[in-house]
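Just the heavy atoms: all of them, side chains too, but no hydrogens, waters or symmetry mates, feed the values below. Lettering of chains follows the sequences in order, A, B, ..., and the numbering in each one begins at 1.
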Amino acid sequence: MTGIASSPGVGAGSVFVLHEREVPLGRTGPNAASEASGATSHPRRGAESELERFTIGQRVAATYYRGLVERVKKNVGADEAEIFEGHLEIITGDDIAEAVEAAIFEEDAIAERAVIDFTEQTAKEFEELESEYFQQRAGDIRDIGRRLAEAIYYGSITDPGELPEDSVIVAEELTPSATARLDTERVAAIATEKGGRTSHAAILARSLSIPCVTGISGLIGAVRTGQLVLVDGDRGLVETDVSRERLDEAKEAIAKNREQATSRRSWSKQAVSRFADGAPYEIHANVSGATEAELADGFGAGGVGLFRTEFLFMRYADFPDVDQQAAEYRAVCQTMSPTPVIVRLLDCGADKPLPYANHEPEDNPFLGERGIRFLLARENRLRAQIEAIARVAADGFAIKAMVPMVVSPQEIEAVRALVPPEASGLPVGTMVETPASVLAIDRLAAVSDFVSIGTNDLVQYVLAVDRGNANVASYYQEFHPAVLTSIKRVVEGCHAAGIHVGVCGDMASHPASALSLIALGVDELSASVASIPELKACFATIRKDALEDLAVRLLAAGSADEARSAAEELVPANLAPWVRP
Amino acid sequence: MITQEIEVTNPEGLHTRPANAFVKEVKAFASAITIAKNGTEVPGKSLLKIMKLGIVQGDTVTLSCEGSDESDAMKALVTILQSDGTGS
């Protein structure tokens, strides 16, 4: 079966279908035994017996939610766990018990029907409230109702927390709350019917290096729990008809890859970041959360040059509050300490809409309300994020705040004005990704503590080419003279102002372009975690003084191809010193 | 019985977490406690009914406590409604 390749790698194991077990609700009334779907609902014996079924189900659900609270407390955080404590209170509270009792005695309902009717009606009442936050609680209430009904009918709640080793998670869609319950250590791969590369499942899978394929229509009907399948996250394929031999073969290959991945990682961890002549360079990592920060540390990154907070925000159902954010930032800083962590302020909008942010449709979202523009229009959100970062800074961690989509120094000043006095030393920097920030770099450098160039957007804005549009993909040229000149100009502007300049875009993750950045005078590279070993391996073979010549050739090149070839000439063919012959 | 009008300053209003904290606190007292907004009064120990009031920052609510520990209860509950939401 084919879908969208959403997280690379191959995973194999037995299917674990993560779906709501169907609970037949019967009709209200004494002869409520059969349903249109053919599933048989519980036959009603009498009001007392229904009430007892409800009470038992309530106990089962309460035990389940208590376990969930503990697990979430351990794996996610105390704040998130308190939300599930609220859900536990709703299940065990008087409101639901009174409503269910009334429906059982007065409307001859079976317990499951009474629960679902009540939660559905309550959900609708929430949807009518004015506050968007309360409207969104309707989904929580429905979820609680479904789980309670499941506990009544089946006497248990299916819990993805009890996964067998090497499970392949199959789901229609992975919601954030389902994600919070997954024991990711046991997940070999993820395959979903809906969603795409930016769905929750895909983001989670990539950040944990779990192979994932999304958007596979008809998947759930085609597999059953326990079936052996193979998920190819590179090609977007799911093989459902897998022989024992094929599976063993795949598992062997996966194990071998894993072994090689381990030696690659330990090589990278111990490799010093120095050129062949001993000259040092700085290599940091781009991460989206604490789990990835641990990987970054494992690969020997010298800090985090880009902490993309939008993915953290996407894991929540609503804007995380100051406590929740501070806990996430602190976790990353603790992992990386004493090396620095650059937190990019929430960069949503355009290609990264935040589901609960109510983005208005825009004719031209890449030129619209994204990055700092989004935040300045919602100052309380900006203030909460700055406060959370400041709190971690006040604890003594080397944390910095970076502002995305900057065009004017006023935007940096507006952010700085929100830094509380107890963290007044918090470094605030500019992310250079617009042509305006290149041309006005001297003004921006004057008000910034550091600069980092986001080359992905810079290339697209300088060359006026949409990086998501396949028809113009060939126009997207990182080595274009206009791009290289822009980078050179930013480096000169920053150095004249005496501040540090890094690059956190994709250019810092590939040997030829990363070398070019160092040649142009960039002080720090921030690369994707997975690319660090190859970068270290490459740089270790090159003398830094060879880059002076490269800089001259890059800036003199008449075309992108010419510049790229000049850089590629320096890159050795074999970049895997960790593979023993 | 004592009653008090309070402006909710907790930036989260009574979202799931603060509302549950409120209910927990109510249950710790012997007094009968209610909370009302716009004339709708609900029992202080009912999380769902409280959440259905949709209380957000800036709303004015009326707290009523009746019982032997009513003044202690009032003090504790006002603290939750007027906390800064940072939990520290």
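Between A/Y65 and A/F84, the ring planes are tilted. Angles from 30° to 60° get that label. Ring pair A/F307/A/Y329 is perpendicular by interplanar angle, where above 60° counts as perpendicular and below 30° as parallel.
Side-chain N or O atoms of A/T55 include one that pairs as donor or acceptor with a backbone N or O of A/L51 at under 3.5 Å. Between the side chain of A/Q58 and the backbone N or O of A/I91, at least one donor-acceptor pair lies under 3.5 Å. Under a 3.5 Å cut-off, the side chain of B/Q82 and the backbone N or O of B/V8 do not form any donor-acceptor pair. The backbone N or O of A/F374 sits less than 3.5 Å from a side-chain atom of A/R378, completing a donor-acceptor pair. Formation of a donor-acceptor pair under 3.5 Å by the B/Q57 side chain with backbone atoms of B/T9 is found in this model.
By a heavy-atom distance cut of under 4.5 Å, B/K45, B/S46, B/L47, B/L48, B/K49, B/M51 are the residues of residues 41-51 of chain B near chain A, going up by number. Residues from residues 59-78 of chain B never place a non-hydrogen atom less than 4.5 Å from a non-hydrogen atom of chain A. Taking non-hydrogen atoms and a 4.5 Å limit, the residue list of residues 23-37 of chain B in contact with chain A, ordered by number, reads B/V23, B/K24, B/K27.
Every residue meeting the side chain to side chain donor-acceptor pair (under 3.5 Å) condition with A/E50, not counting sequence neighbours, appears here in chain and number order: A/H42, A/R53.
Residues A/V341 and A/K400 form no side-chain contact, since every pair of their non-hydrogen atoms from C-beta on lies 4.5 Å or further apart. A/L346 is listed as a side-chain neighbour of A/L354, based on a closest heavy-atom distance under 4.5 Å. Between A/I96 and A/L148, some side-chain heavy-atom pair lies under the 4.5 Å cut-off. Within the 4.5 Å cutoff, no side-chain heavy atoms of A/D117 are placed close to those of A/E120.
Interface residue A/E82: backbone and side-chain heavy atoms are both found under 4.5 Å from chain B.
Ranked by heavy-atom pairs under 4.5 Å with chain B, the first of A/D318, A/L88, A/L129, A/D95 is A/D95.
Cation-pi geometry between A/R330 and A/F397 is not met: the NZ or CZ atom fails to fall both under 6.0 Å from the ring centre and inside 45° of the normal.
Among the candidates A/E328, A/Q324, A/Q325, the single residue satisfying the side chain to side chain donor-acceptor pair (under 3.5 Å) test with A/Y316 is A/E328.
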